[in-house]
K.L.:
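Input: one structure, supplied below.
Position 1 is the first residue of the sequence, and the numbers go up from there.
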Amino acid sequence: MKYNQIILEEKEFQFIQNLVKKFLASDETQNEAWIIKLTNELSNAIVKRENEMPVDVIKIGSKVDVETPYGRRNNIILVKPTEKNINENKISLLSPMGSALIGYAKGDEVDWDLPKGKSTIKILNVVN
């Protein structure tokens, strides 16, 4: 991990914390591993002002190229849950893959919990 912890911009940090609280309080959650991992990472995240954010860290709106055991995916756009659209490569930050990517940087390898087990995502490029 390039920066030792995930890095989030302070406004996004608050937004994500609120989303996670709502999600955990809803009937949708059943203690999925990805939401537990995201909650743990939020508690240890480095929070920075917008002008202090490294340019290679994934945030809402980032375009990301990744490699997974299932192949390479280019131009994934991390978005708010209401903006997700698979046909446009827009994935929600509250999806298993989105929650695995938020706050990580180019070059990082991230464990990703899938229904079939753990996989690793390699972050090849980040454009903000």
Side-chain angles (χ1 to χ4, degrees):
M1 182 175 213
K2 186 173 186 177
Y3 297 109
N4 298 321
Q5 293 169 281
I6 67 168
I7 299 175
L8 298 169
E9 189 272 324
E10 59 190 350
K11 290 178 186 170
E12 283 190 355
F13 176 76
Q14 290 298 324
F15 176 77
I16 295 168
Q17 274 194 319
N18 290 335
L19 278 178
V20 168
K21 285 178 188 173
K22 286 179 186 175
F23 185 81
L24 289 172
S26 75
D27 292 334
E28 295 176 46
T29 186
Q30 296 173 346
N31 293 324
E32 288 95 346
W34 64 268
I35 195 74
I36 294 168
K37 182 178 179 192
L38 178 59
T39 302
N40 290 336
E41 288 186 335
L42 288 173
S43 67
N44 295 312
I46 297 169
V47 180
K48 294 186 174 271
R49 292 188 179 111
E50 186 175 1
N51 64 344
E52 298 173 331
M53 286 293 293
V55 296
D56 61 347
V57 170
I58 299 170
K59 57 186 185 176
I60 297 171
S62 295
K63 283 188 180 180
V64 185
D65 297 338
V66 298
E67 189 170 328
T68 72
Y70 308 104
R72 186 177 172 135
R73 291 191 58 193
N74 295 322
N75 296 317
I76 295 170
I77 304 167
L78 193 64
V79 297
K80 296 176 181 176
T82 57
E83 298 170 352
K84 70 181 177 183
N85 184 324
I86 296 298
N87 295 328
E88 295 177 4
N89 261 356
K90 294 179 179 179
I91 64 165
S92 167
L93 68 95
L94 286 188
S95 68
M97 181 183 268
S99 67
L101 293 174
I102 191 79
Y104 282 88
K106 178 180 177 180
D108 284 345
E109 291 189 8
V110 183
D111 288 332
W112 179 31
D113 291 311
L114 296 171
K116 295 179 184 177
K118 260 187 197 190
S119 292
T120 300
I121 302 171
K122 183 171 183 181
I123 301 168
L124 304 174
N125 196 36
V126 178
V127 177
N128 285 309

K.L.:
Could you tell me whether the side chain of Leu93 reaches within less than 4.5 Å of the side chain of Ser99, counting heavy atoms only?
P.N.:
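A side-chain contact is absent here, since even the closest heavy-atom pair is not under 4.5 Å.
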K.L.:
Hydrophobic cluster membership, with links at side-chain heavy-atom distances under 4.5 Å among I/L/V/M/F/W/Y: are Leu8 and Leu19 in one?
P.N.:
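Hydrophobic grouping puts Leu8 with Leu19.
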K.L.:
Sequence neighbours left out, cut at 3.5 Å: what donor-acceptor pairs do the side chains of residues 35-45 make with other protein atoms?
P.N.:
unit_1, atom_1, unit_2, atom_2, d
Lys37, NZ, Asp111, O, 2.8
Thr39, OG1, Ile35, O, 2.8
Asn40, ND2, Ile36, O, 3.4
Glu41, OE2, Tyr104, OH, 2.4
Ser43, OG, Asn40, O, 2.6
Asn44, ND2, Asn40, O, 3.3

K.L.:
Decide yes or no for Met97 and Trp112: does some side-chain heavy atom of the first lie under 4.5 Å from some side-chain heavy atom of the second?
P.N.:
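Counting from C-beta outward, Met97 and Trp112 do come under 4.5 Å.
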K.L.:
Within the distance-only criterion (no hydrogens, no angle test), does the side chain of Asp108 pair as donor or acceptor with the backbone N or O of Ala105 below 3.5 angstrom?
P.N.:
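Pair found, side chain donor or acceptor close to backbone of Ala105.
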K.L.:
What heavy-atom pair brings Glu9 and Arg49 nearest, and what distance separates the two atoms?
P.N.:
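Scanning both residues, the minimum pair turns out to be CG-C, 4.2 Å.
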K.L.:
Just so I know, are the side chains of Ile76 and Lys63 near enough to count as touching, which here means a heavy-atom distance under 4.5 Å?
P.N.:
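Not in contact.
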K.L.:
According to a 4.5 Å side-chain heavy-atom criterion applied to Ile, Leu, Val, Met, Phe, Trp and Tyr, with indirect links allowed, do Met53 and Ile102 form part of one hydrophobic cluster?
P.N.:
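Different clusters: Met53 never reaches Ile102 through Ile, Leu, Val, Met, Phe, Trp or Tyr contacts under 4.5 Å.
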K.L.:
Do Arg72 and Asp65 have side-chain heavy atoms sitting under 4.5 Å apart?
P.N.:
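Side chain of Arg72 against side chain of Asp65, heavy atoms only: contact under 4.5 Å found.
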K.L.:
Are Val66 and Ile77 linked, directly or through other ILVMFWY residues, by side chains that come within less than 4.5 angstrom of each other?
P.N.:
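Cluster IDs for Val66 and Ile77 differ.
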K.L.:
Could you see if Ile46 belongs to whatever hydrophobic cluster contains Val110? Use Ile, Leu, Val, Met, Phe, Trp, Tyr and a side-chain cutoff under 4.5 Å.
P.N.:
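Shared cluster, no.
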K.L.:
Which heavy atom in Ile6 sits nearest to a heavy atom in Met1, and how many Å separate them?
P.N.:
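In terms of heavy atoms, the two residues are closest at N-CE, 3.5 Å.
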K.L.:
Roughly how far, to the nearest 0.5 Å, is CD of Glu12 from CD of Gln14?
P.N.:
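One finds 11.5 Å between CD of Gln14 and CD of Glu12.
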K.L.:
Is the shortest heavy-atom distance from the side chain of Val79 to the side chain of Ile91 under 4.5 Å?
P.N.:
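Side chain of Val79 against side chain of Ile91, heavy atoms only: no contact under 4.5 Å found.
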K.L.:
Report yes if some heavy atom in the side chain of Ser119 is under 4.5 Å from a heavy atom in the side chain of Tyr70; otherwise report no.
P.N.:
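A side-chain contact under 4.5 Å exists here.
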K.L.:
Answer yes if Ile16 and Leu101 sit in the same cluster of Ile, Leu, Val, Met, Phe, Trp and Tyr residues linked by side chain heavy atoms under 4.5 Å apart, and no otherwise.
P.N.:
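Same cluster.
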K.L.:
Restricting to pairs with a member in residues 79-92, which pass salt bridge (Lys or Arg N to Asp or Glu O under 4.0 Å), not counting sequence neighbours?
P.N.:
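Sorted result for residues 79-92: Glu88-Lys90.
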K.L.:
In the structure I gave you, are the side-chain heavy atoms of Asp56 and Tyr3 within less than 4.5 Å of one another anywhere?
P.N.:
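With C-beta onward as the side chain, the pair touches.
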K.L.:
Just distance, no hydrogens or angles: give the donor-acceptor pairs under 3.5 Å from side chains in residues 121-128, sequence neighbours left out.
P.N.:
unit_1, atom_1, unit_2, atom_2, d
Asn128, OD1, Ser62, OG, 2.3
Asn128, ND2, Val55, O, 2.8
Asn128, ND2, Val57, O, 3.0

K.L.:
Less than 4.5 Å apart, side chain to side chain, heavy atoms only: is that true for Leu78 and Val64?
P.N.:
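Leu78 vs Val64: side chains apart.
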